[in-house]
Amino acid sequence: MHALAFDDTPSMNSLRPNLPADLERIVSRCLKKRPEDRYPDARALIEDLRVLRRETESGLIRPLSFKERVSDKSTD
């Protein structure tokens, strides 16, 4: 119970190292313990997700291959 209330969540990249850094940043912000550290509202979250999608679709961020999306750290 203490960890749920006070410890930071593990990095997504520790589980899936090939994820874009911006996706990890967005999810991490959603999971912050203090409300003032999270997105102020869903609109701000949606805007960051749209920017990430545009960057991925435009090639600024390399999209993951199918193998990278389904690979598990335990199979590396």
Side-chain angles (χ1 to χ4, degrees):
M1 293 301 279
H2 183 272
L4 287 174
F6 299 104
D7 293 352
D8 287 333
T9 56
S11 163
M12 287 177 41
N13 281 339
S14 66
L15 302 172
R16 302 293 294 270
N18 296 324
L19 293 176
D22 283 338
L23 178 59
E24 179 177 6
R25 178 186 55 79
I26 291 168
V27 171
S28 176
R29 186 171 175 189
C30 290
L31 297 174
K32 293 291 185 185
K33 301 297 181 188
R34 298 178 345 154
E36 60 270 16
D37 293 337
R38 288 179 249 160
Y39 284 95
D41 54 43
R43 286 187 180 137
L45 170 60
I46 290 168
E47 181 56 32
D48 270 2
L49 289 171
R50 285 183 177 150
V51 168
L52 176 62
R53 183 178 66 188
R54 273 194 308 268
E55 289 176 352
T56 302
E57 290 173 350
S58 71
L60 292 174
I61 297 175
R62 182 184 65 84
L64 298 177
S65 69
F66 177 76
K67 183 178 179 182
E68 289 171 324
R69 285 184 302 212
V70 298
S71 72
D72 184 278
K73 191 174 183 185
S74 63
T75 61
D76 289 344

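Along the sequence shown, residues are numbered consecutively beginning with 1. These numbers were taken from a predicted model, which means no experiment stands behind them.
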Let me check something: any side-chain donor-acceptor pairs from residues 1-8 under 3.5 Å, sequence neighbours excluded? List them with distances.
none

Result block: side-chain N/O donor-acceptor pairs under 3.5 angstrom for residues 22-30, not counting sequence neighbours:
| unit_1 | atom_1 | unit_2 | atom_2 | d |
| --- | --- | --- | --- | --- |
| E24 | OE1 | N13 | ND2 | 2.4 |
| E24 | OE2 | S11 | OG | 2.3 |
| R25 | NH1 | D48 | OD2 | 3.4 |

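One distance of note links CD of E47 with CG of D41; it measures 11.0 Å at 0.5 Å rounding. Distance check, rounded to the nearest 0.5 Å: CZ of R50 to CD of E57 gives 12.0 Å.
The minimum heavy-atom distance between R38 and K33, with the atom names listed, is NH2-O, 3.0 Å.
Residue L31 is grouped with residue L52 when hydrophobic side chains (ILVMFWY) are merged at heavy-atom distances under 4.5 angstrom, including chains of intermediate members.
By the side-chain contact (heavy atoms from CB on, under 4.5 Å) test, R34 is found to be paired with E36, D37, residues two or more places apart in sequence or in another chain being considered.
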